[in-house]
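Input: a single structure, listed below in structure tokens.
For ligands, and for the atoms within them, numbers begin at 1 and follow the listed sequence. Note: hydrogens, waters and symmetry copies are ignored here, and every other heavy atom, side chains too, is used.
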Amino acid sequence: MSILIWITLSKYSLLHLTTKYTMYRKGLAALPNVEVLSPLVTRVLGQNPGPKTLQGTNTYLVGKYPNVVLIDTGEPDKKSYTDLLRDTVRSSNLTVKGIIITHWHPDHLGGCGTVRTLLDEMWTSGNKTMCSNHGGDCAILGDSKVPEQCNVPVFKMPHAFDSEIAPGQNMHHLHDKQLVEVSEGCTLRVLHTPGHTDDSICLHLLQENSLFSADTVLGGSSGEFSNYTHYIKSLNRLRELAPVRVYPGHGQVEDGGVVDRYLSHRQDREGQVLAALRGEESHVGVGKLTEIVYQNENLHPGLVVAAQGIVGLMLEKLRADGTAREVEDGFWVAT
Ligand SMILES: [Zn+2]
Ligand SMILES: [Zn+2]
């Protein structure tokens, strides 16, 4: 995404104070542009590698041949991605029945318009007559409300920024626990998992007991959050599923243990914040607390603000837990 767009968006979310940290990220695995990951899952890389997006946004074609859905659409107007997607869909003779967007961030929702145009063209120029009956293939979720136009339906948890990131997309709204029957032998269950963003979803692929974790859990890198309390609740919810495999929004495929590793990393950090707070004789500011917590980690100066953002969000959770109190603006004590 261009810097201009990113700066424009940055006012919308505290996330962008916390997005650049990758404090325990080791080297990133090289990922092929297109990879068949299981009989039901193919990953198509979004062609947008970067410090925030790692190897690029992972988009997934999910379903049993020939009927699939596309999870996420990458960045806006990324021709190299839409070319790759077109070639992948054509070469495998797939029918993309719908698009599911995991959250409003532009590296997931931004490409929606372009991708939808591509898939619409493939429907009409190809051999598909799926839209001849709006009550049929369009309504893959059993939703009686379908788009006016004869085009590929898009599904997403609603969010105020949707219309700015992807104007005019006339999306169907998902809800928690909704079942998506993609094709025979392929069912996705929608899980509303706020924390990374408040509209974030994960998708549980029931036949595999695998999980599309979007940006709630990444592969080979730490996650990001805009609300720490919600984030931890969502991670605990994912852990209860005990998935055997996790397909993240960025990075390599992980085993199900990644959710536990995420939780323990966060709990360790939270414990460090509380210990630092308890180690001070009087109230202490977020800046000082951050220095204490990260003192042994050789924190890059460019990451200090992000680290302060993380500590601040953790303090909010400690306040909700009743173990910390803000005595004046930005200054805290343990209770
Ligand atoms: Zn995101
Ligand atoms: Zn992302």
>> Which atom name would you report as the N, O or S atom of D107 nearest the Zn ion (ligand 2)?
In response: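 It is OD2, the N, O or S atom of D107 closest to the Zn ion (ligand 2).
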> If you look at H250, which of its N/O/S atoms is nearest to the Zn ion (ligand 2)?
Replying inline: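 Output for this pair reads NE2.
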>> Using the ring-ring contact (aromatic ring centres under 6.0 Å, His included) definition, which of the options H103, H159, H196 pairs with H108?
In response: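 So, applying the ring-ring contact (aromatic ring centres under 6.0 Å, His included) to H108 and each of H103, H159, H196, only H103 qualifies.
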Relative to the Zn ion (ligand 1), which of the N, O or S atoms in [X] is the closest?
X	value
H103	NE2
D215	OD2
H105	ND1

>> Quick one: does any side-chain atom of D260 pair with a main-chain N or O of R239 as donor and acceptor, under 3.5 Å?
In response: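 No: the side chain of D260 does not pair with the backbone of R239.
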> Within the side chain of T42, is there an N or O that forms a donor-acceptor pair under 3.5 Å with the backbone of V62?
Replying inline: no
> Can you tell me if H108 has an N, O or S atom under 2.8 Å away from the Zn ion (ligand 1)?
Replying inline: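 No, outside the cut-off.
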> Can we say R86 and E121 salt-bridge, meaning some charged N sits less than 4.0 Å from an Asp/Glu carboxylate O?
Replying inline: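 Looking at R86 and E121, the cut-off is not met.
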>> Given Y247, which partner from the list E208, R43, Q252 fulfils the side chain to side chain donor-acceptor pair (under 3.5 Å) test?
In response: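 Among E208, R43, Q252, the one meeting side chain to side chain donor-acceptor pair (under 3.5 Å) with Y247 is E208.
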